[in-house]
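So you know, we letter chains A, B, ... as the sequences are listed, proteins then strands, and number each from 1.
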2 protein chains.
Amino acid sequence: MSKKISPRGAAVLDLVVEAYIVSGQPVGSTSVATGFDEPISSATIRHVMAELEALGYLFQPHTSAGRVPTEKGYRRYVERLFRQRRLRRIDEHSIRRRLSTAQLEVGDLLHRACSLLSELSNHVGVVLTPRPSRTIVQHIEFLRTGVDRALLLFVTQGGMVHTRTIKVSEELTDSDLAAAAEYLADRFAGHTLGEIRDRLLDGWEVEAAIENRPQRTAIELGVRWLEGLGQAEVLVEGASRLLDNPELSSAEVLQDLFATFDEPTQLGNVLTECGGGNDPSVLIGGERLPAALGGCTLIAASYMSDGRPMGALGVLGPTRMHYDLTIPLVAATARVTSEAIAELCS
Amino acid sequence: MSKKISPRGAAVLDLVVEAYIVSGQPVGSTSVATGFDEPISSATIRHVMAELEALGYLFQPHTSAGRVPTEKGYRRYVERLFRQRRLRRIDEHSIRRRLSTAQLEVGDLLHRACSLLSELSNHVGVVLTPRPSRTIVQHIEFLRTGVDRALLLFVTQGGMVHTRTIKVSEELTDSDLAAAAEYLADRFAGHTLGEIRDRLLDGWEVEAAIENRPQRTAIELGVRWLEGLGQAEVLVEGASRLLDNPELSSAEVLQDLFATFDEPTQLGNVLTECGGGNDPSVLIGGERLPAALGGCTLIAASYMSDGRPMGALGVLGPTRMHYDLTIPLVAATARVTSEAIAELCS
DNA sequence: ATTAGCACTCGCCGGCGACGAGTGCTAGTC
DNA sequence: GACTAGCACTCGTCGCCGGCGAGTGCTAAT
């Protein structure tokens with residue numbers, strides 16, 4: 001689809017994007033011309049820029065204004081950043097120092113990572129907590145908290161705690177509950193919640209037939225517990241930093257933006273799909289993001305445990321951001337977080 | 001200090017405030033005049049308004065504009081609202097219906113209350129969770145989560161769970177931990193964390209002398225656990241609704257505002273001081289709120305358990321809000337929340 | 001293919017005048 | 001003495017106009 005672009009065209013695009021990122025103003029042909037090593041006239045640049053506009057990489061707010069990158073232009077720019085390894089070096093040590101010191105729980109770690117991302121990028125930090133179905137259960141506990149209520153509690157690797165209160169028959173004694181928890185713990189400790197769910201649901205009918213009351217209770221409670229399994233959470237930090245960006249100050253845009261933070265399931269969905277690859281995903285503009293995040297870019301990577309993605313973290317900011325800094329920042333934070341989690345689960 | 005205000009002066013103030021609340025525009029003398037039952041001329045009103053301005057209740061953006069209430073004016077207005085019982089009736093049933101249905105945990109309940117406040121008021125809902133030192137402990141559990149780490153976990157009335165991971169000696173066995181937890185549970189279940197702290201710290205030296213290893217361990221762990229006792233949390237919902245208000249759209253103001261939500265300790269402090277009385281506290285403007293919340297009003301009330309305040313909840317919005325609706329809304333929500341908590345802890 | 005030159009476009013900014021909402025004051029009335 | 005009609009005055013808003021300047025597109029020359 002995208003017609004070929006001359007090598008010089010690509011260079012011009014880079015210069016326009018970079019100039020626009022720092023200035024926020026439409027970029028004119030002369031300022032681009034001075035950015036070249038070889039001397040070149042602004043007229044030539046104008047010619048190239050006209051082509052780039054025809055191809056959809058640049059956009060002119062009005063005749064007689066400079067050019068601004070389109071989303072397509074940003075994407076191409078970022079692509080080149082990756083291909084040419086023009087990303088900045090990030091000091092991974094400083095991140096490691098600020099993340100790993102005395103963090104004792106995965107939850108704390110992720111909160112720290114989130115504010116770190118926000119602070120270092122000057123944009124919004126976002127973290128998707130581990131999907132419950134992928135977490136490994138260490139302890140299972142059933143506690144009575146009222147005549148007809150019990151708290152089902154499980155602790156996963158790294159010290160994360162998930163709980164759910166359900167109604168239970170009043171006839172169940174405390175020791176029934178304890179026995180049920182022990183039964184489940186014996187069978188399932190060390191497995192992920194996904195595995196437990198599969199095995200419980202598969203084996204359900206067979207096991208239900210067993211006339212062993214504590215076991216039946218255990219399984220029944222376990223199933224109810226899994227039914228209410230929480231979704232992965234989304235942490236958001238530094239939302240106020242979005243207001244630094246003059247290009248995002250129209251009232252309606254902001255309204256939509258902050259509404260997205262109030263109800264972060266959308267963000268969660270997007271983050272869930274990020275990750276996979278080695279490099280961070282860079283989602284630019286409305287094409288792959290919810291409409292409310294129109295003028296924004298999400299840079300996200302997943303953090304791993306034993307080589308499998310557990311969750312994702314990243315930075316959300318205006319399309320006009322320092323990609324060459326933020327991309328490696330996200331990548332480094334994801335790596336360090338993965339390491340730290342591995343250590344916590346040791 | 002505040003000189004006497006004529007009865008008609010007070011009536012004019014009411015009318016100005018109410019008109020400004022609905023229109024957001026400076027209020028002129030003629031529109032006030034038509035709001036009176038008896039016919040009265042705008043010239044007279046102008047006279048009265050000039051007096052009110054001299055007393056600091058009204059403010060004129062510029063000569064030849066209408067009047068806008070000052071913070072002092074709002075305060076006087078709200079005072080009258082209370083004294084004259086001119087608050088609207090709130091349908092407590094509908095709140096009860098939306099809060100108490102199938103809420104099984106205090107945490108969920110408070111989250112629901114928070115979004116309910118935001119939704120019904122169209123402003124920001126805020127909730128201060130129960131102060132840990134006032135909560136009653138039901139269960140205590142110590143779980144090993146790594147070679148040198150243990151998760152200290154306690155469940156309080158109503159199904160709230162608090163955890164903390166600490167480093168422990170590798171020599172402690174699982175049964176040591178279990179014994180320690182049991183020891184603490186035996187002695188302290190049913191007491192508030194504040195009581196436990198006091199008793200542990202008082203009795204510390206005496207008990208440490210005992211050559212009973214499990215007990216020493218238990219007490220040591222308990223102390224470390226209480227040291228890291230979390231602060232009460234602040235829940236915030238519907239921050240984006242602040243953007244509906246045109247008077248709060250200056251970039252800097254918004255920046256400060258949202259920064260306050262990102263770092264809610266300030267809000268927590270303010271909320272902690274609210275409550276006490278029967279009626280909600282109404283904090284108008286910068287005088288009693290952090291500077292960042294300049295043009296805002298916080299209406300807050302505390303929710304109770306056994307007649308003692310546990311935490312607080314309320315609504316944060318622009319000074320220009322419908323006090324006559326929001327105050328009873330907050331009061332009703334606090335009442336219903338107190339009831340629901342009582343039920344959950346039964 | 002590149003470039004110098006040039007006419008042209010168009011947003012920005014400051015000044016200007018008309019408009020109108022709302023005021024403060026004064027003089028007259030009950 | 002309290003109230004009010006009338007009136008001059010203030011001042012923000014809006015639309016208009018013209019000059020400025022950044023930046024463009026085109027053309028003709030190299």
Side-chain angles (χ1 to χ4, degrees), chain A residues 4-13 15-20 22-70 73 246-247 249-250, chain B residues 4-13 15-20 22-70 73 246-247 249-250:
Chain A
K4 244 187 303 217
I5 213 174
S6 70
R8 198 167 54 194
V12 169
L13 181 54
L15 284 170
V16 172
V17 172
E18 277 159 14
Y20 184 70
V22 317
S23 76
Q25 300 298 322
V27 182
S29 54
T30 51
S31 75
V32 171
T34 57
F36 266 84
D37 290 340
E38 327 91 64
I40 192 168
S41 87
S42 63
T44 312
I45 301 293
R46 281 202 286 283
H47 200 67
V48 178
M49 279 162 73
E51 275 176 19
L52 288 173
E53 181 166 16
L55 294 175
Y57 294 110
L58 294 180
F59 160 78
Q60 214 174 5
H62 55 268
T63 339
S64 94
R67 298 318 207 282
V68 164
T70 61
E247 67 258 45
S249 346
S250 114
Chain B
K4 245 187 302 211
I5 214 175
S6 69
R8 196 166 55 195
V12 169
L13 180 54
L15 284 169
V16 172
V17 172
E18 277 160 14
Y20 183 69
V22 317
S23 77
Q25 300 298 323
V27 183
S29 55
T30 50
S31 76
V32 172
T34 56
F36 265 84
D37 290 340
E38 327 90 64
I40 192 168
S41 86
S42 63
T44 313
I45 301 292
R46 280 202 287 283
H47 200 66
V48 178
M49 279 162 71
E51 275 175 19
L52 287 173
E53 181 166 15
L55 294 176
Y57 295 110
L58 293 181
F59 160 77
Q60 213 173 4
H62 55 268
T63 340
S64 93
R67 296 320 205 284
V68 164
T70 62
E247 66 258 44
S249 332
S250 114

Contacting residues from residues 42-49 of chain A, given that a heavy atom lies under 4.0 angstrom of DNA chain D: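 Result for residues 42-49 of chain A: R46(A), M49(A), sorted by number.
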In residues 61-69 of chain A, which ones come under 4.0 Å of DNA chain D, going by heavy atoms?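 Going residue by residue through residues 61-69 of chain A, the ones with a heavy atom under 4.0 Å of DNA chain D turn out to be S64(A), A65(A), G66(A), R67(A).
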Output for pair (L13(B) CG, Y57(B) OH), nearest 0.5 Å, gives 8.0 Å
Distance check, rounded to the nearest 0.5 Å: M49(B) atom CE versus S42(B) atom OG? 10.0 Å
Residue pairs involving residues 60-70 of chain B (criterion side chain to side chain donor-acceptor pair (under 3.5 Å); sequence neighbours excluded): E53(B)-R67(B)
Going by heavy atoms in the side chains, are T34(A) and T30(A) under 4.5 Å from each other? no
For [X], enumerate each residue passing the side chain to side chain contact (heavy atoms under 4.5 Å, CB included) test, keeping only those at least two apart in sequence or located in another chain.
| X | value |
| --- | --- |
| E247(A) | N245(A), P318(A), R320(A) |
| A19(A) | V27(A) |
| S250(A) | E252(A), V253(A) |
| I40(B) | R8(B), A33(B), F36(B), T44(B), I45(B) |

Looking at P61(B) and G66(B), what are the two nearest heavy atoms and their distance? CD-O, 3.3 Å
Going by the salt bridge (Lys or Arg N to Asp or Glu O under 4.0 Å) test, which pairs reach into residues 31-48 of chain A, not counting sequence neighbours? none
First and last nucleotide of DNA chain D in contact with chain B, 5' to 3', at under 4.0 Å to a heavy atom: what are they?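 Contacts span dC3(D) to dG12(D), reading 5' to 3'.
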